[in-house]
There are 2 protein chains.
Amino acid sequence: MTQPAQRPPLPADFFDELCPSSLLPFRFGDTWAPMVLRCLEGGPRRFSELRVPLGRITPKVLTHSLRGLERRGFVSRTVHADPKRRVEYALTPLGRGLLEPLDAACRWATEHWDELIDAHERGAAVTG
Amino acid sequence: MTQPAQRPPLPADFFDELCPSSLLPFRFGDTWAPMVLRCLEGGPRRFSELRVPLGRITPKVLTHSLRGLERRGFVSRTVHADPKRRVEYALTPLGRGLLEPLDAACRWATEHWDELIDAHERGAAVTG
DNA sequence: CTGTATCCTGAGGGATACTG
DNA sequence: CAGTATCCCTCAGGATACAG
């Protein structure tokens, strides 16, 4: 149970295929929270495992995001008695439940992606 | 068609019965955007009509929120040839569509309200 | 490996006052 | 009526460096 995870690591381009949530008209928690939640969808992950798919995130910001998710009860933090100071983050049942409306919102955005982009570009043109 | 709206005005406590979205773990647009969208759900509204249910909002912030929603294509702004400089804001089809995932998210939050509050208070207690 | 500690910047948002 | 114009303040978030 306290063995290191044997799940495949998350690739550095994990989010290239997903809806770029930074462009969406809504946010779940802070900027990185939705992506962190998605990274944890497949099971617990370590701090350093999360940094890979998130690319540009700095440790301070990742810590901040994780603390926020922990404080709200969406993510649990477990320190294992391990020579390597292994810490694992996992979705709580509440956090897993949050993925449902998040997915619904992302699905909607994907379906209306062209309209969203069109409006955004026309709006930007008008605004300057 | 260009007659003043005869819909009942929105009450000042319009949001007292609704899920206080400022406490939710997600946001659609800026802080006030979800509430603005809900205010427009029943039909077009004027600038001053929107200020009532939104209570503490200042005109600058409301303008900012409306401009953002307009730029993204969720809300339309119509200036009527009227002695009173009447301006009406209305949901676009895209904006009305956005209400669907927003409602789904709010429904989820309502269903898990106790857990959300519990976690929030326990988290606040731990953090200090 | 898992974070803290500083420093910095911009944007969001509130208060107040003023305008066509 | 429908906004602007200013001022101000906080906080998210990035860069960099350092620590247990």
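Note on naming: letters A, B, ... go to the chains in the order of the sequence lines (proteins, then strands), and numbering restarts at 1 for each one. Keep in mind the model is a prediction, meaning the values are calculated, not measured.
No more than 12 heavy atoms of other residues, nucleotides or ligands lie within 6.0 Å of CD in A:E100, so this atom counts as exposed by the packing criterion. Within a 6.0 Å radius of CD in A:E41, other residues, nucleotides and ligands contribute more than 12 heavy atoms.
Taking atom CZ of A:R56 as the reference point, atom C1' of D:dA12 lies 14 Å away to the nearest angstrom. Atom pair A:L62:CG and D:dT16:C1' shows a separation of 17 Å (rounding to whole Å applied). Atom NE2 of A:H64 and atom P of D:dA15 are 16 Å apart (whole Å). Counting to the nearest Å, the P atom of D:dT4 and the CD1 atom of B:I57 are 14 Å from each other. Atom CG in A:D30 sits roughly 17 Å away from atom C1' in D:dT10 (whole-Å rounding).
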Quiz item: Nucleotide by nucleotide, 5' to 3', does protein get under 4.0 Å of the base (B), only the sugar-phosphate (S), or neither (-) in nucleotides 2-9 of chain C, counting heavy atoms?
Solution: SBB-BB--
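Note: B:W113 CH2 to B:D118 CG = 12.0 Å, rounded to the nearest 0.5 Å.
With sequence neighbours left out, the side chain to side chain contact (heavy atoms under 4.5 Å, CB included) criterion links A:E115 to A:H112, B:L94.
The closest side-chain heavy-atom distance from A:F74 to A:L69 is below 4.5 Å.
Here the side chain of A:T63 pairs a donor or acceptor atom with the backbone of A:P59 at under 3.5 angstrom.
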